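Below is one structure; the comments refer to it alone.
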2 protein chains.
Amino acid sequence: MATTADGGARQDALSIGEVARQTGLSVHTLRWFEREGLYLRPIPRAGQRRVFDSADVAWLLLCNRLRASGMPIAEIRRFAALVQAGPGNEAERLAVLEAHEQEVRKRVAMLMECLEIIHGKVDVYRRHLAAGTADRLWAPPFADASSDAARHSMP
Amino acid sequence: MATTADGGARQDALSIGEVARQTGLSVHTLRWFEREGLYLRPIPRAGQRRVFDSADVAWLLLCNRLRASGMPIAEIRRFAALVQAGPGNEAERLAVLEAHEQEVRKRVAMLMECLEIIHGKVDVYRRHLAAGTADRLWAPPFADASSDAARHSMP
DNA sequence: GCTTGACCTAGAGCAGACTCTAGAACCTAC
DNA sequence: GTAGGTTCTAGAGTCTGCTCTAGGTCAAGC
């Protein structure tokens with residue numbers, strides 16, 4: 001990430017627009033992140049303009065993954081606050097990450113269950129369409145009582 | 001689903017409270033679903049009270065899976081409208097389900113990618129904690145310029 | 001006859017995560 | 001020196017998906 005061997009973080013000064021391009025986030029969102037306390041450090045200014053560096057970008061890219069995997073903003077803020085608090089709370093940071101990992105694994109498992117059910121439906125529709133019996137999949141809205149056995153073959 | 005061999009759907013008359021219990025949805029949500037047009041038929045009334053049946057419950061359980069897997073309410077409404085429109089549009093219904101299935105598969109793939117990254121972080125923290133070098137994972141918030149090489153080992 | 005509990009409608013309120021607006025400052029290029 | 005693009009702050013608005021409130025009806029049990 002750093003272009004120099006050591007201590008050269010401030011060499012890559014990035015404008016908010018540049019960071020937006022590199023992270024896929026809008027400048028609005030980047031400013032909003034600051035208000036929400038999601039950065040790992042107070043973003044410094046040149047005059048009144050924010051000056052980011054590549055470590056900020058790296059963090060934002062990780063944030064994107066955390067958000068995409070469903071971590072609430074409040075949880076990201078908690079993690080960022082731990083980092084800001086400095087060394088000594090690494091076990092807590094780990095706990096946050098582990099908890100999220102477990103969450104995501106649960107979500108994946110749940111989605112797989114859903115997929116099975118959804119794919120089952122897809123399969124039923126495909127077979128009925130192929131067999132030309134698709135019209136028996138669900139009764140029309142105001143089906144009279146004698147025809148509503150069809151209501152029980154489900155969509 | 002049906003307790004009788006054919007045409008007996010109306011035998012299981014369920015109150016909104018009963019349906020809430022069977023589906024895990026709140027009565028508020030069940031009424032809101034109606035306003036949103038998510039049912040497969042107009043829910044009939046006895047007086048002014050809704051009378052559900054087991055086919056409604058089966059649909060709601062499927063809805064739960066669709067919602068849990070991220071299908072937007074608008075899409076569920078679209079599907080419900082197709083069913084309400086009666087036989088003849090089964091290919092369209094299939095298309096909706098197939099599109100959703102693909103969406104979910106994509107989401108699962110994305111989550112797996114995220115998982116890898118998150119697990120990588122977890123791993124780093126675990127190893128540093130075990131080695132007693134966790135304090136080098138991230139520089140404190142106001143680290144001076146000479147120490148911010150640490151900023152590049154990422155959280 | 002009265003209380004209790006389940007139900008009704010219409011509509012307001014809320015949480016989360018952005019997204020945009022207004023009005024102004026600043027920098028760069030021509 | 002002025003036009004155009006980027007940035008700034010503070011705050012309002014939006015969208016989704018519920019969730020709750022207010023005020024009322026209705027049936028059953030004591």
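This one's a predicted model, so the numbers in the text were calculated from it and none came from an experiment. Just so it is clear, the values below take in all heavy atoms, side chains as well, and ignore hydrogens, waters and symmetry mates. Convention: sequence-line order gives letters A, B, ...; per-chain numbering from 1.
Checked for salt-bridge contact, B:R31 and B:E34 miss the test: no charged N lies under 4.0 Å from a carboxylate O. A salt bridge links B:R105 with B:E101: the distance from a Lys NZ or Arg NE/NH1/NH2 to an Asp or Glu carboxylate oxygen falls below 4.0 Å. A salt bridge does not link A:R50 with A:D56: every distance from a Lys NZ or Arg NE/NH1/NH2 to an Asp or Glu carboxylate oxygen is 4.0 Å or more.
B:L25 places its CG atom 14 Å from the P atom of D:dG17, with the value rounded to the nearest Å. Atom P of nucleotide D:dG17 and atom CD1 of B:I73 are separated by 5 Å, given to the nearest angstrom. As a whole-Å value, the separation of A:R21 CZ from D:dT6 P is 7 Å. Put simply, CZ on A:R45 is 13 Å from P on D:dT7, counting in whole angstrom units. Atom pair A:H28:NE2 and D:dT6:P shows a separation of 13 Å (rounding to whole Å applied). Atom CG of B:L38 is separated from atom C1' of D:dC18 by 12 Å (rounded to the nearest Å). Taking atom CH2 of residue A:W32 and atom C1' of nucleotide C:dA15, one finds them 12 Å apart after rounding to whole Å. In this structure, CD of A:E34 is placed 16 Å from P of C:dC18, rounded to the nearest angstrom.
With rounding to the nearest 0.5 angstrom, the CG atom of B:L129 is 6.0 Å from the CG atom of A:L94.
Between A:R31 and D:dC8 there is a side-chain polar atom (N or O) within less than 4.0 angstrom of OP1 or OP2. Taking 4.0 angstrom as the limit, A:S15 places a side-chain polar atom (N or O) nearer than this to OP1 or OP2 of D:dT7.
In terms of heavy-atom proximity, B:W59 sits nearest to B:Y39 at NE1-CA, 3.8 Å.
The residue among B:I16 and A:R67 whose nearest nucleotide of DNA chain C lies closer to the 5′ end is B:I16. Position along DNA chain C of the nearest nucleotide to B:G17 versus A:F33 favours B:G17 as the more 5'-ward residue.
Taking 3.5 Å as the limit, the base of C:dG11 and the side chain of B:R35 contain a donor-acceptor pair of atoms between them. One N or O donor and one acceptor, one from the side chain of B:R49 and one from the base of C:dA6, sit under 3.5 Å apart.
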